[in-house]
Student: 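Structure below; questions to follow.
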Amino acid sequence: MRNLNKWISLALALMLCVGAASAVAETAAYTEAPMLTDAGVYGDVKDRLPKEPMVEDADYLTIGTYGGELKRSAGGGNWDAGKPIEEGLFRFTTLGSVEPNVAKGYDVNEDATVYTIYLREGMKWSDGAPFTSEDCVWFYNAVCLNKVDSKGVRSCHKDANGDPAVVTKVDDTTFTVTFGTPKYDFIEALTVDLKWHYAPKHIFEELVQDVIDGKDAEALALGKEICGTEFSDVGKMGKEMLYYFWNYPGIPTLNPYVLSTEEGKNSIKGEYYEYVRNPYYWKVDTAGQQLPYIDKIVYTTVSNVDQQLMLLLDGTVDYQTVGMESIQTILESDTRINIYEWFGGDWGNVGTQLHFNLNVDNENLKALFNNADFRQGMSICVDREEFAGLYSDGWLGGGQAAPQPGALGYSEEWAAKWTEYDVEKAKSLFESAGLVMGTNGFFTFADGSEFVLNIVSVADNGAADTYKILEPYFRAAGIKCTFKDSDRSNIDNDLMSNAVEAMLYPVTGIGDISIILKPNSMVPGYATNVAWYGTMNETTATGDLLKLIELKKELDVTSDPEKRTEIALQMLKLHEENMWTLAYVEASPTYHAVNARIQNFLADGVWSDIYRDMGIAHCQCWYIAE
């Protein structure tokens with residue numbers, strides 16, 4: 001966990017990239033993958049690269065060779081396929097600092113109200129069209145300000161008063177972002193919160209304008225024409241095509257790989273699909289070879305964890321994130337597989353996190369969920385050690401929703417809070433929270449109405465099995481509950497409409513390596529898919545929840561690093577005192593099982609959404625050595 005300390009401290013120090021430019025590979029000429037040369041349709045590689053390509057030169061990388069397929073298993077797209085290939089304007093390095101990526105660099109004025117961002121001259125989309133500042137400015141002004149992508153203006157683009165930034169084009173490779181108040185952490189916040197800040201205007205301009213103008217039928221027809229998918233409404237279309245854009249064929253990207261347009265290989269809902277090399281990719285290695293090395297990423301859709309493991313063991317799949325209970329089996333297999341251990345920032349095991357919507361519409365439920373006695377009762381009515389043994393086959397112990405050792409805010413007291421097993425005390429706490437034991441052995445509300453804890457989760461994530469283990473504990477304590485799982489898109493819609501009452505294995509688990517860098521899961525109002533605060537924001541929060549939001553606003557206008565850390569610790573202390581969320585099993589490292597033929601895999605990393613999980617491993621630099 002000492003590595004986690006290193007990452008956190010480095011991540012809090014903003015790397016100034018004033019006037020920065022990528023290093024130029026020391027080579028007389030750039031080279032390309034043989035498959036592109038053999039195709040004979042793309043022209044000279046130097047004409048496809050920007051004037052100053054980004055050079056991948058991390059210390060752990062070796063010069064690779066071209067060719068082959070990276071074989072993966074998947075459950076149907078979205079972030080599973082997106083994060084490993086995502087390209088933002090800026091990115092985190094493997095040391096945790098921010099560096100230019102799609103952007104070449106930036107300047108910031110003295111009071112941190114105006115940021116000037118520079119792009120790479122001559123850069124192109126994957127369809128060969130020019131990528132310019134117009135794509136960045138139009139995306140913000142047309143898509144974000146009008147919420148066409150369902151997300152709208154992210155917190156990174158809001159000043160201390162909540163007002164949106166003004167984004168203006170300077171020239172084809174330069175644009176500015178202007179705030180009404182100082183925004184000291186804009187570049188880091190952008191890297192975490194919005195990431196790409198662009199979309200292909202030449203593809204979407206007419207469609208987006210139709211959506212803005214209320215011409216839904218015309219917009220939907222254009223959407224189908226672009227990617228071949230018929231959407232039910234423009235809200236769904238905007239979210240899918242402008243937020244989950246990598247999941248649809250025909251949409252140009254800046255990523256190293258794009259979804260195939262070939263029939264039978266172009267649907268993430270199919271049993272098999274491919275992401276193929278982007279011939280206009282804008283990065284090279286230190287020898288001047290255009291990346292990526294591997295020709296394509298091929299996905300075989302699986303339905304369960306056992307099938308994933310089987311495909312890994314027989315060599316059908318090259319890479320898989322696995323549980324520690326599978327490691328011994330993997331190491332004993334005939335296939336040569338390396339195991340890499342990455343640390344993370346989850347507060348307890350996310351699969352056992354239970355979130356109660358503190359802003360739920362039902363007033364009885366809202367009062368109950370906001371009562372600390374109820375949450376404590378729900379915590380101590382579970383025998384954590386017994387449950388953890390059943391949940392993890394004995395590999396993990398009991399735990400709580402608290403920072404891991406070595407992380408900012410960690411304390412032994414917090415990690416152990418409300419973890420004792422005491423059913424009778426739990427029942428007493430439920431009564432203190434206003435519940436009344438009924439004649440059938442289950443608690444009701446004081447007004448005599450039935451209390452049922454309706455728990456939801458995403459289908460096929462294992463939560464259904466977890467619930468089967470948890471439910472008897474709840475029932476024994478007098479809590480009647482139900483469970484329903486459904487498709488991720490349905491859950492997302494329910495979260496955005498505040499229809500979720502309680503969630504097991506939440507879409508966004510609470511905790512990360514830094515509440516400063518990414519408050520989304522820990523501060524109300526900073527995301528649309530966090531179950532424990534739902535649609536709560538500054539106008540609806542009260543008490544310590546409102547204080548938490550106010551501290552975040554104070555953090556936003558504070559430049560001194562020591563003071564920022566002090567504020568962050570106050571925010572974390574509020575979480576410790578209130579225990580707004582629960583977890584029943586301890587967090588564990590993330591384990592990656594990688595076929596030995598895959599080279600340049602990052603051995604010592606941190607698994608965090610801040611670093612885009614597998615995205616920080618930079619699969620464009622992986623190559624195959626049989």
Side-chain angles (χ1 to χ4, degrees), residues 70-92 101-102 125-126 139 143 149-151 154 190-200 203-204 226-227 229 236-261 265-270 272-278 281 283 291-292 294 296-302 319-321 458 460-461 487-489 491-492 507-509 512 518 520 527-529 590 592 602 605 607-622:
L70 176 65
K71 300 174 293 185
R72 294 201 60 194
S73 61
N78 284 355
W79 295 114
D80 183 63
K83 285 184 179 180
I85 60 175
E86 181 184 284
E87 298 287 4
L89 286 182
F90 299 87
R91 73 179 189 184
F92 285 98
N101 192 46
V102 169
W125 290 97
S126 58
F139 173 74
V143 177
D149 64 346
S150 81
K151 300 295 181 180
R154 280 65 158 182
L190 173 68
T191 305
V192 170
D193 204 21
L194 181 57
K195 309 168 221 12
W196 41 84
H197 201 302
Y198 56 75
I203 298 293
F204 286 120
I226 292 170
C227 70
T229 299
K236 173 77 170 177
M237 179 183 67
K239 179 179 180 180
E240 293 297 314
M241 296 184 70
L242 287 157
Y243 187 66
Y244 293 123
F245 54 85
W246 58 86
N247 286 329
Y248 293 89
I251 300 178
T253 79
L254 301 178
N255 298 340
Y257 299 94
V258 296
L259 186 60
S260 173
T261 57
K265 303 177 181 179
N266 62 347
S267 173
I268 62 167
K269 301 300 183 183
Y272 174 88
Y273 53 95
E274 297 180 351
Y275 281 78
V276 298
R277 173 190 300 280
N278 172 4
Y281 193 54
K283 294 182 181 180
L291 297 171
I294 297 174
K296 57 185 175 181
I297 306 175
V298 301
Y299 285 87
T300 300
T301 301
V302 298
Y319 155 75
Q320 188 64 50
T321 300
V458 177
D460 301 323
N461 66 358
D487 182 82
R488 168 65 188 268
S489 61
I491 293 292
D492 282 345
V507 167
T508 300
D512 215 319
K518 189 166 187 179
N520 302 39
T528 58
N529 61 354
T590 298
H592 304 296
L602 178 62
W607 183 263
S608 166
D609 187 60
I610 289 176
Y611 303 122
R612 310 311 290 146
D613 297 339
M614 187 48 59
I616 201 166
H618 307 317
C619 67
Q620 68 270 15
C621 299
W622 299 359

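In this text, all values refer to a predicted model and were calculated from it rather than measured experimentally.
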Student: Quick check: do Met614 and Lys83 have side-chain heavy atoms less than 4.5 Å from each other?
Tutor: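 A side-chain contact under 4.5 Å is absent here.
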Student: Check ring-ring contact (aromatic ring centres under 6.0 Å, His included) between Tyr281 and all other residues, then give those that pass, not counting sequence neighbours.
Tutor: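 Applying ring-ring contact (aromatic ring centres under 6.0 Å, His included) to Tyr281 gives none.
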Student: Please check if the side chain of Arg277 supplies one atom and the backbone of Pro292 the other of a donor-acceptor pair under 3.5 Å.
Tutor: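 Yes, Arg277 side chain to Pro292 backbone: donor-acceptor pair under 3.5 Å.
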Student: Less than 4.5 Å apart, any side-chain heavy atom of Glu87 and any of Asn101?
Tutor: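 Yes, at least one pair of side-chain atoms sits under 4.5 Å.
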Student: Apply ring-ring contact (aromatic ring centres under 6.0 Å, His included) to Tyr243 and list each qualifying residue two or more places apart in sequence or on a separate chain.
Tutor: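 Listed in chain order: Trp79, Trp196.
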Student: Working to the nearest 0.5 angstrom, can you tell me the gap between Lys265 NZ and Tyr275 OH?
Tutor: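 That separation rounds to 15.0 Å.
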Student: A side-chain contact here means heavy atoms from C-beta on lying under 4.5 Å apart; do Ile616 and Leu602 qualify?
Tutor: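 Heavy-atom side-chain distance check passes, below 4.5 Å.
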Student: Without swapping roles, check the side chain of His618 against the backbone of Gly615 for a donor-acceptor pair under 3.5 Å.
Tutor: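 Indeed, once roles are kept as given, a pair shorter than 3.5 Å links the two residues.
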Student: Ignoring hydrogens, what is the shortest heavy-atom contact between Pro252 and Ser126? Give both atom names and the distance.
Tutor: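 Distance-wise, the nearest heavy atoms are CA-OG, 3.2 Å.
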Student: I'd like to know if the side chain of Asp193 and the backbone of Leu190 have a donor-acceptor N/O pair within less than 3.5 Å.
Tutor: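 Checking the backbone N and O of Leu190 against the side chain of Asp193, no donor-acceptor pair under 3.5 Å is found.
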Student: So, for Tyr611 and Phe92, is the gap between ring centers shorter than 6.0 Å?
Tutor: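 Centroid distance Tyr611-Phe92: below 6.0 Å, so yes.
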Student: Keeping the roles fixed (side chain from Thr301, backbone from Gly270), state whether a donor-acceptor pair exists under 3.5 Å.
Tutor: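 Present.
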Student: I'd like to know whether Phe139 forms a ring pair (Phe, Tyr, Trp, His ring centres under 6.0 Å) with Tyr198, so could you lay out the CA-CA distance, the side-chain angles of the two residues, the decisive distance to 0.1 Å, and finally the verdict.
Tutor: CA-CA 5 Å; Phe139 173 74; Tyr198 56 75; 7.5 Å; no
Student: I need the Ser260 OG to Lys296 NZ distance, nearest 0.5 Å.
Tutor: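 It is 8.0 Å, given to the nearest 0.5 Å.
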Student: Rounded to the nearest 0.5 Å, what's the gap from CH2 on Trp246 to CG on Leu254? Could you check?
Tutor: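 Result: 13.0 Å between the selected atoms.
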Student: What pairs with His592 under ring-ring contact (aromatic ring centres under 6.0 Å, His included), at least two apart in sequence or on another chain?
Tutor: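 His592: ring-ring contact (aromatic ring centres under 6.0 Å, His included) contacts with Tyr319, Trp342, Phe601, Trp607.
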Student: Let me confirm one number: the SG-CD1 distance from Cys227 to Ile203, rounded to the nearest 0.5 Å.
Tutor: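 Between Cys227 SG and Ile203 CD1, I get 11.0 Å after rounding to 0.5 Å.
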Student: Considering all heavy atoms of both residues, which atom of Gln620 and which atom of Leu291 are nearest to each other, and what is their separation?
Tutor: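 Looking at all heavy atoms of both residues, the shortest contact is O-CD2, 3.7 Å.
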Student: Give a yes or no on whether Asp460 atom CG has more than 12 heavy-atom contacts from other residues, nucleotides or ligands under 6.0 Å away.
Tutor: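 No, CG of Asp460 has 12 or fewer neighbouring heavy atoms, counting only those of other groups under 6.0 Å.
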Student: For Met241, run the side chain to side chain contact (heavy atoms under 4.5 Å, CB included) check against Thr229, Asp149, Ile226 and tell me which one passes.
Tutor: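 Only match with Met241 under side chain to side chain contact (heavy atoms under 4.5 Å, CB included): Ile226.
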Student: What is the distance from atom CD1 of Ile85 to atom CD1 of Ile297, rounded to the nearest 0.5 Å?
Tutor: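 That separation rounds to 6.0 Å.
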